[in-house]
2 protein chains.
Amino acid sequence: MSAVTITDVAARAGLSIKTVSRVLNNEPNVREKTRDRVLEAARALDYQPNLSARSLAGARSFLIGLFFDNPSPAYVYDVQLGAASRCRASGYHLTIEPVDTQADDLERVVRGIISTLRLDGVVLTPPVCDDDRVLRALEASGTPYVRMSPDRDLGRAPRVGMDDTRAAYEMTLNLIDMGHVAIGFILGHPDHGATNLRYKGFVEAMTSRGLVVNPAFVKQGLFSSQSGFDCAEAILNQPQRPTAIFASNDDMALGVMAAANRLKLSVPDQLSVAGFDNTPAASTVWPHLSTVAQPIFNMASAACELLISREAAVMVEGTWVSQLMDFEIIMRDSTCPPTPAL
Amino acid sequence: MSAVTITDVAARAGLSIKTVSRVLNNEPNVREKTRDRVLEAARALDYQPNLSARSLAGARSFLIGLFFDNPSPAYVYDVQLGAASRCRASGYHLTIEPVDTQADDLERVVRGIISTLRLDGVVLTPPVCDDDRVLRALEASGTPYVRMSPDRDLGRAPRVGMDDTRAAYEMTLNLIDMGHVAIGFILGHPDHGATNLRYKGFVEAMTSRGLVVNPAFVKQGLFSSQSGFDCAEAILNQPQRPTAIFASNDDMALGVMAAANRLKLSVPDQLSVAGFDNTPAASTVWPHLSTVAQPIFNMASAACELLISREAAVMVEGTWVSQLMDFEIIMRDSTCPPTPAL
DNA sequence: CAATCAAATGACAGCGCTATCATTTCTTGG
DNA sequence: CCAAGAAATGATAGCGCTGTCATTTGATTG
């Protein structure tokens with residue numbers, strides 16, 4: 001119920017509120033001694049600036065919005081942790097806005113959010129980051145935004161992401177180096193850009209080692225566990241079987257493991273399984289799933305960084321900032337060298 | 001970049017800004033015709049009130065905070081969807097604050113958040129809802145809050161939750177009605193209040209049907225998948241085995257399934273397994289897990305409802321509001337009647 | 001139809017801060 | 001030691017709304 005205002009701090013420090021404001025906003029032209037005096041008074045009074053007032057009077061709202069419409073709670077959760085931690089470090093706060101990319105009035109909803117909240121920036125996760133109506137609304141209002149792992153129209157705005165192709169490439173190489181030659185691949189949802197990138201990495205790795213991609217071992221999935229199950233059954237019910245299957249995401253990899261289970265194929269001895277995303281389930285299932293960890297936390301925190309520093313608000317030499325973060329290949333128990341006796 | 005203010009609306013409607021304000025805030029004493037005139041002008045101008053200004057001038061901030069420190073992304077995600085949907089319906093927004101219940105300066109952090117944001121209310125999820133420092137900070141600032149499924153000190157503040165005991169009771173009854181007599185139970189983490197409630201329901205159901213709880217079939221788990229695995233091994237490696245195991249949560253149930261797998265016991269034919277929480281993994285594993293679904297979305301939305309209507313701000317007859325929502329028993333493929341031949 | 005009172009509307013201050021511009025204080029060189 | 005410019009500080013006007021209280025309008029009565 002406290003209500004310590006900037007005026008109180010000014011009074012205690014024996015200075016004008018403007019000087020206090022300068023110190024609080026790290027503005028130049030304040031003597032060191034004065035700065036200390038202000039800081040001490042603020043600390044003594046446990047002063048907390050009123051966001052509404054700052055926002056109303058000034059140009060910044062100290063609010064970053066996070067828009068999502070994502071079927072994966074774990075992904076969103078990591079994004080939030082990364083974003084929130086970066087925001088808090090600079091006195092910003094995070095508001096979350098679940099949006100429905102299927103909705104008709106999406107554009108109006110987004111416009112409403114932007115103008116009532118006057119957000120300083122917005123972080124967009126897939127698939128919202130590829131929704132033209134959302135991007136248009138954001139651009140029309142002049143709100144800076146950063147896209148996380150966008151699929152399309154990459155040069156349209158600032159973005160952060162990771163190198164999906166190289167990650168898939170390296171995971172595949174791991175499998176090959178274990179001794180696998182016949183490796184199956186399950187594609188992700190066709191509407192998702194990562195689908196092609198990951199497949200590309202797979203193919204490149206195979207080719208680079210002089211291996212051939214058997215089309216019978218490549219199936220089109222939908223990123224869902226069920227689709228992984230179905231694809232795996234289709235692949236494994238053939239006379240010739242691969243000794244390893246690399247699924248484009250963990251959910252599908254879980255489906256693959258379930259299918260193997262049903263066919264009495266033991267993982268990893270008779271079939272190695274690799275996933276992508278490092279979802280919580282990957283380390284919960286038995287055996288633990290080998291997978292690729294996206295640097296979700298870091299991507300989100302980098303996105304906020306760009307927004308807060310306002311780097312995301314200006315083009316440099318005709319292009320927007322774009323950052324690729326490092327992924328991590330995590331080999332667990334669902335992969336091993338193939339058994340010689342087939 | 002639009003900047004339609006209340007003044008613009010007033011001008012267009014030919015009324016004072018105060019009258020416009022009245023309409024926008026659903027205040028009484030406005031003629032029907034006047035109200036329509038304002039609404040129409042606002043619509044024509046696509047007016048969006050400025051939250052900062054409303055908040056600075058008035059008593060409300062239109063901001064609800066969600067505090068969490070939860071290891072389960074799926075839970076938090078559902079909470080957010082429920083909370084956000086209720087908030088949006090009333091022009092409120094949700095800010096999220098991941099907090100660290102282990103941190104030393106937690107109290108200061110919470111105080112800071114409250115006073116800069118001037119939140120109209122806060123929703124607390126476990127385990128934050130049981131952290132005394134957080135509750136104290138909230139109470140000291142006079143910020144209304146609602147606890148979701150609190151463990152301790154139930155009468156201290158408004159809360160929403162579900163009847164864990166009855167849910168466990170009904171799930172157990174389902175198992176018994178299938179024909180199971182020897183049923184194992186894995187307790188949750190001893191620090192978690194739900195642990196006892198769920199166990200209580202289990203015991204009550206057994207007793208009510210004249211069955212005896214075999215202490216050798218009851219083990220203390222920790223809510224983790226690993227602990228479920230360990231407890232299941234301990235239970236199943238005895239000369240006498242139960243035909244079903246009811247784990248206090250899904251993660252442990254997954255561990256039970258993994259243990260059964262390793263012992264070559266097929267689920268559900270040789271061992272029925274039931275969980276609690278309906279995590280995403282429950283419908284991903286094979287066979288799909290029978291479990292209890294918490295009404296997370298509804299609880300969160302009810303929590304916001306209490307905050308927005310300000311019911312959470314006042315005691316009635318010496319007690320705070322408290323709402324128990326309906327759970328759902330979901331029987332899937334991990335349970336079936338016991339096979340006669342043991 | 002004037003008197004009375006409730007309902008409807010409006011004028012205006014001020015929420016706590018930042019932005020602009022004026023003023024004061026400090027440096028520095030001749 | 002003073003002028004001149006730079007650096008530091010302060011006075012004041014809003015930002016867009018809500019709260020308070022004054023004023024106007026309309027309904028109701030004898």
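We name chains A, B, ... by the order of the sequence lines, and we start the count at 1 in each one.
Between Ser16(B) and dG10(C) there is a side-chain N or O to OP1 or OP2 distance below 4.0 Å.
Not a single salt bridge (Lys or Arg N to Asp or Glu O under 4.0 Å) links Asp326(B) to another residue, sequence neighbours left out. Qualifying side-chain contact (heavy atoms from CB on, under 4.5 Å) partners for Glu32(B), counting only residues two or more places apart in sequence or in other chains: Arg35(B), Asp36(B). For the side-chain contact (heavy atoms from CB on, under 4.5 Å) test, residues two or more places apart in sequence or in another chain that qualify with Ser90(B) are Arg86(B), Tyr92(B), Ile308(B). In this structure, the side-chain contact (heavy atoms from CB on, under 4.5 Å) partners of Ala312(A), at least two apart in sequence or on a different chain, are Val146(A), Pro158(A), Leu306(A), Leu307(A). A search for side-chain hydrogen bond (donor to acceptor under 3.5 Å, both in side chains) contacts involving Gln294(A) returns Asp277(A), not counting sequence neighbours. Among residues two or more places apart in sequence or in another chain, the salt bridge (Lys or Arg N to Asp or Glu O under 4.0 Å) test is passed with Asp130(B) by Arg147(B). In this structure, the side-chain contact (heavy atoms from CB on, under 4.5 Å) partners of Arg31(A), at least two apart in sequence or on a different chain, are Thr34(A). Partners of Tyr145(A) by ring-ring contact (aromatic ring centres under 6.0 Å, His included), not counting sequence neighbours: none found.
Inter-axis angle, ends of the helix from dC1(C)-dG30(D) to dG30(C)-dC1(D), five pairs per end, rounded to 10 degrees: 30°.
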Reading nucleotides 16-28 of chain D from 5' to 3' and marking B where a protein heavy atom lies under 4.0 Å of the base, S where only the sugar-phosphate is that close, and - otherwise, the string is BBBBB--------

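Residues from residues 304-312 of chain B placing a heavy atom under 4.0 Å of any atom in DNA chain D do not occur.
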Let me check something: any side-chain donor-acceptor pairs from residues 6-22 of chain B under 3.5 Å, sequence neighbours excluded? List them with distances.
unit_1	atom_1	unit_2	atom_2	d
Asp8(B)	OD2	Thr5(B)	N	2.8
Ser16(B)	OG	Lys18(B)	N	3.4
Ser16(B)	OG	Thr19(B)	N	3.3
Ser16(B)	OG	Thr19(B)	OG1	3.3
Ser21(B)	OG	Asn25(B)	ND2	3.4

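Taking atom CD of residue Glu32(A) and atom C1' of nucleotide dT9(D), one finds them 16 Å apart after rounding to whole Å. The distance from atom CG of Leu117(B) to atom P of dG16(C) is 16 Å, rounded to the nearest whole Å. Taking atom CG of Asn29(A) as the reference point, atom C1' of dG5(D) lies 14 Å away to the nearest angstrom.
Side-chain atoms of Gln80(B) and Gln80(A) form a donor-acceptor pair, as typed in the model, at a separation below 3.5 Å.
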